[in-house]
Participant: 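There's a structure below that I have some questions on.
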Amino acid sequence: SSFPNEFTTITATPFPWLEASYRYVEIKNKNYGPASYSRNQSYKDKAFDIKIRLLNEKYYLPEIALGLRDIAGTGILSSEYMVATKSFGDFDITAGVGWGLLGSDNSIRNPFNSLHSSFKTRTNVVGQGGNFKYSSWFSGPAGIFGGVEYSLRKYGLKLILEYDSSDPQMNPFNPMEVKNKLNLGLNYHLSDAFQLGMSFDRGTNFRLSFSL
């Protein structure tokens with residue numbers, strides 16, 4: 001939970017190379033519809049995400065994955081990304097390129113622009129969901145994101161620093177203030193199966209989370 005969004009996610013890994021998630025979001029500062037219809041009911045959004053591992057980590061090479069967020073959803077939180085992660089002892093270093101919400105800070109030129117002119121613009125239409133908007137995938141502005149994780153294995157702690165390439169201020173559906181692009185986090189592993197987390201996001205919000 002990180003106001004105004006509260007996330008609930010169920011994730012399955014049917015194959016070692018595939019991660020599929022169902023995500024449910026409650027946007028607490030938006031009404032579901034006109035007061036005559038929804039009264040004070042907050043807005044709800046459902047989405048499906050997938051992440052596909054393209055390359056296993058090697059001694060010299062990072063693990064590489066491709067991801068799609070909000071497939072056939074409303075488009076409010078839709079993103080695509082390519083990401084690489086490499087371990088160095090207790091450190092995990094990650095860097096990637098994102099599109100959609102993850103590319104909204106427009107920090108680099110879209111690398112697919114040279115393939116076809118259709119990749120230069122992205123149609124940001126917030127719909128009712130249920131349609132695969134293939135034409136918008138990997139199109140429009142792009143952004144570089146990254147992060148560093150440091151594991152204190154003795155204490156079951158993981159320290160996290162990330163640069164977030166999403167810019168919620170640019171989201172026309174529900175713009176949010178961003179004072180800082182760096183997020184700080186701390187995860188505590190109570191057991192192999194249960195994890196608690198907290199972070200300070202966007203320079204404005206504390207986030208609490210748990211995973212089982």
Side-chain angles (χ1 to χ4, degrees), residues 1-2 4-5 7 9 11 18-21 23 25 45 47-57 61-71 73 75-88 90-114 119-122 124 136-151 158-187 197-207 209 211:
S1 177
S2 179
N5 298 326
F7 298 90
T9 304
T11 300
L18 175 64
E19 183 178 288
S21 300
R23 179 159 42 89
V25 185
D45 186 62
F48 291 95
D49 308 336
I50 63 170
K51 183 169 69 174
I52 301 169
R53 187 178 64 201
L54 303 178
L55 180 69
N56 282 316
E57 183 176 352
L61 296 175
E63 180 171 295
I64 298 177
L66 178 148
L68 300 170
R69 291 182 178 177
D70 197 9
I71 301 173
I76 296 171
L77 302 173
S78 64
S79 299
E80 304 83 47
Y81 61 90
M82 293 280 292
V83 64
T85 301
K86 188 75 176 71
S87 297
F88 299 92
D90 291 329
F91 286 92
D92 279 348
I93 299 176
T94 296
V97 180
W99 294 262
L101 182 60
L102 281 173
S104 53
D105 73 350
N106 197 19
S107 58
I108 64 166
R109 180 180 179 271
N110 187 339
F112 290 118
N113 283 355
S114 58
F119 287 105
K120 294 182 179 180
T121 57
R122 186 184 187 95
N124 292 317
S136 66
W137 290 357
F138 303 100
S139 64
I144 295 287
F145 62 87
V148 178
E149 297 183 356
Y150 178 67
S151 295
K158 182 175 288 187
L159 308 177
I160 303 167
L161 172 67
E162 69 174 17
Y163 177 82
D164 186 358
S165 61
S166 65
D167 192 350
Q169 293 178 125
M170 304 300 292
N171 188 332
F173 179 77
N174 192 31
M176 292 185 291
E177 182 183 20
V178 177
K179 289 186 176 180
N180 197 321
K181 302 292 288 183
L182 292 175
N183 299 329
L184 300 171
L186 175 68
N187 285 351
M198 65 178 184
S199 63
F200 186 56
D201 301 344
R202 307 194 302 269
T204 57
N205 279 22
F206 283 99
R207 179 194 297 262
S209 64
S211 61

Participant: With rounding to the nearest 0.5 Å, note down the distance linking CD in Glu63 to CG in Leu54.
Facilitator: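 That separation rounds to 9.5 Å.
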
Participant: Using only atom types and a distance under 3.5 Å, with no angle test, would you say the side chain of Lys181 pairs donor to acceptor with the backbone of Asp164?
Facilitator: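 Such a contact is found between Lys181 side chain and Asp164 backbone.
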
Participant: Just by distance, do the side chain of Arg122 and the backbone of Ser136 share a donor-acceptor pair under 3.5 Å?
Facilitator: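 Yes: the side chain of Arg122 pairs with the backbone of Ser136.
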
Participant: Any idea which heavy atoms bring Leu61 and Glu57 closest together, and the distance?
Facilitator: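 Nearest pair, atom of Leu61 first, then Glu57: O-CG, 3.5 Å.
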
Participant: Over all heavy atoms of both residues, which pair between Leu184 and Leu161 is shortest? Give the atoms and the distance, please.
Facilitator: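 Looks like CD2-CD1, 3.3 Å.
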
Participant: Once you round to the nearest 0.5 Å, how far does CZ of Arg23 lie from CG of Asp70?
Facilitator: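 If I round to the nearest 0.5 Å, the distance is 6.0 Å.
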
Participant: Just by distance, do the side chain of Thr85 and the backbone of Thr94 share a donor-acceptor pair under 3.5 Å?
Facilitator: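 It does not hold such a pair.
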
Participant: Got a donor-acceptor contact below 3.5 angstrom from the Ser79 side chain to the Arg69 backbone?
Facilitator: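 It does not hold such a pair.
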
Participant: CD/Glu162 to CG/Leu182 distance, rounded to the nearest 0.5 angstrom?
Facilitator: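 Here the interatomic distance stands at 9.0 Å.
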
Participant: Of the non-hydrogen atoms in Gly197 and Asn187, which two are nearest, and what is the gap between them?
Facilitator: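 So the two residues come closest at CA-OD1, 3.4 Å.
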
Participant: Taking it one step at a time, do Ser199 and Asn183 satisfy side-chain contact (heavy atoms from CB on, under 4.5 Å)?
Facilitator: CA-CA 7 Å; Ser199 63; Asn183 299 329; 5.8 Å; no

Participant: Where the side chain of Glu177 meets the backbone of Thr204, is there a donor-acceptor pair that is under 3.5 Å apart?
Facilitator: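 No, Glu177 side chain to Thr204 backbone: no donor-acceptor pair under 3.5 Å.
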
Participant: How long is the gap from CE on Met198 to OG on Ser209, to the nearest 0.5 Å?
Facilitator: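 Answer for the CE-OG pair, Met198 versus Ser209, is 10.5 Å.
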
Participant: To check you understand the geometry: which heavy-atom pair defines the closest contact between Ile144 and Ser165, and what is its length?
Facilitator: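 Shortest heavy-atom contact: O-CB, 3.4 Å.
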
Participant: Can you tell me how far OH of Tyr150 sits from CG of Asp92, rounded to the nearest 0.5 angstrom?
Facilitator: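 One gets 12.0 Å once the value is rounded to the nearest 0.5 Å.
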
Participant: Restricting to non-hydrogen atoms, name the atom on Pro62 and the atom on Leu55 that form the minimum distance, rounded to 0.1 Å.
Facilitator: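 Shortest heavy-atom separation between Pro62 and Leu55 comes out as O-CD2, 3.7 Å.
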
Participant: With distance as the sole test, does Glu80 use its side chain to make a donor-acceptor pair with the main-chain N or O of Phe138 at under 3.5 Å?
Facilitator: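 Looks like yes, one N/O pair under 3.5 Å.
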
Participant: Trp99 and ring-ring contact (aromatic ring centres under 6.0 Å, His included): which single residue from Trp137, Phe145, Tyr81, Phe112 fits?
Facilitator: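 Among the candidates, only Phe112 passes.
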
Participant: Could you measure the distance from the NZ atom of Lys51 to the CG atom of Leu66? Nearest 0.5 Å is fine.
Facilitator: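 So the NZ of Lys51 and the CG of Leu66 are separated by 11.0 Å.
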
Participant: For the pair Asn110 (side chain) and Gly140 (backbone), establish whether a donor and an acceptor sit closer than 3.5 Å, ignoring hydrogens and angles.
Facilitator: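 Such a contact is found between Asn110 side chain and Gly140 backbone.
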
